[in-house]
Each structure stands twice: as structure tokens, then as C-alpha cells.
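Note sheet for the following structure.
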Amino acid sequence: TEITEAEYHAVREKYMRISVPQTFSPIDEAYAQEVDEILLKVIQNQEFFFSWSYGNSLTLSEYCQQESERMGFPVEITRYAFVDMDSDGVREAVVDFRFGENSQVMCMVLKFESHNAAVSGTEFYIRQMNDIKEDGSFYSSNGWSRLLFNQTNSQWETVPAEDGSSKVDVQWTPYS
């Protein structure tokens with residue numbers, strides 16, 4: 001979809017700037033640790049993330065509240081994990097959500113985008129992403145897949161992956 005330059009700048013201005021890590025190469029352990037800390041602040045509602053579905057920045061708590069109002073039943077975070085979903089050497093945060101009485105129906109991948117010093121969040125429903133493995137592979141309705149991050153448009157792309165059924169499951173942390 002093409003957008004005007006004014007629309008582009010309007011969306012870009014909605015990003016909430018967060019503390020920028022020192023400049024390191026993406027595989028530097030100190031940089032990776034700083035990204036983990038930024039993502040944890042988002043999970044703890046201490047920092048904002050850009051929601052692609054709402055087109056603005058909000059906390060995870062505000063996101064759950066807006067989703068609850070939109071759907072008409074509670075939307076809650078159940079657990080989270082840090083996983084390198086795109087094999088770039090830096091982990092993303094994956095947050096699992098429960099809708100009403102249903103168990104895990106959706107997850108959100110939170111990505112720190114160093115080129116604009118912001119965290120963005122993209123939702124994936126259970127048919128798009130489940131059974132996440134430590135190496136970032138996951139099962140979807142299309143079979144085993146991986147994510148690639150397109151920095152040009154800040155969007156995730158799903159690509160086929162080798163069978164991950166025997167790989168180690170991601171280690172989840174309960175959300176409290």
C-alpha cells in the first residue's frame with residue numbers, strides 16, 4: 001500500500017521514543033542485553049510500544065484494555081519469553097494473551113527497532129504462530145515457519161522452516 005509522505009510522517013511521529021542503547025554491533029552481548037532490558041520495561045508497562053493494529057504507541061496494559069473494550073470480554077497477558085525470532089542475534093519478546101475464558105489465542109512479537117529507537121508490536125493468532133521453539137521456529141497453519149524482519153516497512157515476513165517438532169520448546173515466564 002502506498003502512502004503519502006505526510007501520512008508516513010504522521011505515523012512515524014506517533015512512535016514514543018525510548019532510551020536508546022549505546023551503539024554496538026547487533027551481535028554484541030551488551031547491546032543484546034540492553035535490548036532485553038528495554039523489552040522487559042515494555043512488558044512491565046514502564047515503556048510504550050507501537051501497535052501496528054492501533055496505529056499508535058501505548059503500554060501493554062492500555063493495549064489489553066482497548067482490546068477488551070473492542071472484543072467485549074477480558075484480554076489478559078498470560079506469559080512471555082525472550083526468543084531470537086529472526087536469527088539476527090538479538091532476542092525479541094513474545095507475549096501470550098488469553099481472550100475471556102479461552103487459553104492462548106494470540107501472541108505478540110515485540111521488536112526493538114534500532115533504526116528508529118522504538119519497540120513495535122505485531123500480533124499473531126494461534127493459527128499463525130504456536131509451539132514456538134528456542135531457535136525462533138514455530139508451527140502455523142502453513143507448517144513450520146520462521147520470521148524475517150523487513151526493516152524497510154518494519155513488518156514481519158513468514159518463511160518456511162525445517163520441521164521443528166523435535167526442537168526445544170521456548171522457556172516461558174508467567175506474567176504477574
Side-chain angles (χ1 to χ4, degrees), residues 1-4 6-18 35-83 85-86 91-113 116-133 136-150 153-159 164 169-176:
T1 305
E2 292 188 16
I3 62 172
T4 67
E7 291 171 323
Y8 169 79
H9 289 296
V11 168
R12 189 166 168 80
E13 287 177 21
K14 290 181 181 179
Y15 274 95
M16 291 294 294
R17 300 292 180 203
I18 58 178
V35 170
D36 281 359
E37 291 170 10
I38 290 168
L39 294 172
L40 186 59
K41 286 181 180 179
V42 171
I43 291 168
Q44 295 170 338
N45 293 300
Q46 297 171 2
E47 293 284 356
F48 293 89
F49 74 97
F50 182 81
S51 167
W52 285 104
S53 45
Y54 283 101
N56 63 7
S57 294
L58 54 156
T59 65
L60 278 174
S61 178
E62 292 168 337
Y63 174 85
C64 287
Q65 180 181 1
Q66 288 185 20
E67 281 292 286
S68 295
E69 290 170 7
R70 184 178 72 81
M71 297 184 132
F73 47 79
V75 173
E76 301 170 331
I77 299 170
T78 59
R79 60 188 184 169
Y80 65 93
F82 291 97
V83 186
M85 297 299 293
D86 55 1
R91 299 187 308 176
E92 286 72 39
V94 180
V95 180
D96 260 356
F97 293 86
R98 173 178 54 224
F99 293 2
E101 297 298 317
N102 295 324
S103 57
Q104 311 310 126
V105 285
M106 183 191 83
C107 70
M108 179 183 292
V109 177
L110 296 169
K111 169 108 178 138
F112 177 74
E113 298 180 44
N116 62 15
V119 174
S120 65
T122 304
E123 297 97 338
F124 294 90
Y125 288 90
I126 193 98
R127 290 184 178 163
Q128 296 172 301
M129 181 182 292
N130 64 71
D131 198 16
I132 301 169
K133 302 300 182 178
S137 60
F138 57 90
Y139 194 77
S140 72
S141 59
N142 295 324
W144 287 97
S145 304
R146 293 199 55 84
L147 291 179
L148 292 176
F149 190 73
N150 183 331
N153 62 10
S154 295
Q155 298 293 313
W156 290 107
E157 298 172 8
T158 304
V159 296
D169 290 336
V170 71
Q171 296 299 310
W172 294 98
T173 301
Y175 189 78
S176 52

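Note that the structure is predicted; figures quoted are calculated from it, not measured.
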(message) So, taking the atom named NZ in K41 and the one named CD in Q44, what distance separates them when rounded to the nearest 0.5 Å?
(response) 9.0 Å

(request) Applying side-chain contact (heavy atoms from CB on, under 4.5 Å), name anything that partners D169, two or more places apart in sequence or on another chain. (result) D131, K133

(message) List the residues meeting side chain to side chain donor-acceptor pair (under 3.5 Å) with Y125, not counting sequence neighbours, and say none if there are none.
(response) none

(message) Main chain of R146, side chain of S137: is a donor-acceptor contact present, judged purely on distance under 3.5 Å?
(response) no

(message) Minimum heavy-atom separation for V75 and F97, please, with both atom names.
(response) CG1-CD2, 4.0 Å

(request) Applying side-chain contact (heavy atoms from CB on, under 4.5 Å), name anything that partners T59, two or more places apart in sequence or on another chain. (result) N45, F48, S61, E62

(message) Going by the rule side-chain contact (heavy atoms from CB on, under 4.5 Å), which residues pair with E123 if we only count those two or more places apart in sequence or in a different chain?
(response) S51, S53, Y63, M106, M108

(request) Only counting residues at least two apart or in another chain, list the ones meeting side-chain contact (heavy atoms from CB on, under 4.5 Å) with R91. (result) D36, F82, D84

(request) Please identify each residue that fulfils ring pair (Phe, Tyr, Trp, His ring centres under 6.0 Å) with F138, with sequence neighbours left out. (result) none

(message) For L148 versus D86, what's the shortest heavy-atom pair and its separation?
(response) CA-CB, 4.4 Å

(message) Keeping E113 on the side-chain end and A118 on the backbone end, is there a donor-acceptor pair under 3.5 Å?
(response) no

(request) Could you grab the distance from atom CD1 of I38 to atom CD1 of I43, nearest 0.5 Å is fine? (result) 12.5 Å

(message) Return the OG to CH2 distance between S154 and W52, rounded to the nearest 0.5 Å.
(response) 5.0 Å

(request) Could you pull out all residues at least two apart from Q155 that satisfy side chain to side chain donor-acceptor pair (under 3.5 Å)? (result) none

(message) In the structure I gave you, are the side-chain heavy atoms of P174 and Y80 within less than 4.5 Å of one another anywhere?
(response) no

(request) Please identify each residue that fulfils side chain to side chain donor-acceptor pair (under 3.5 Å) with N130, with sequence neighbours left out. (result) none

(message) Once rounded to the nearest 0.5 Å, what's the spacing between atom SG of C64 and atom CG of L58?
(response) 9.5 Å

(message) Could you check whether Q128 and S140, counting side-chain N and O atoms only, form a donor-acceptor pair closer than 3.5 Å?
(response) no

(request) Could I get the full list of side chain to side chain donor-acceptor pair (under 3.5 Å) partners for E76, not counting sequence neighbours? (result) R98

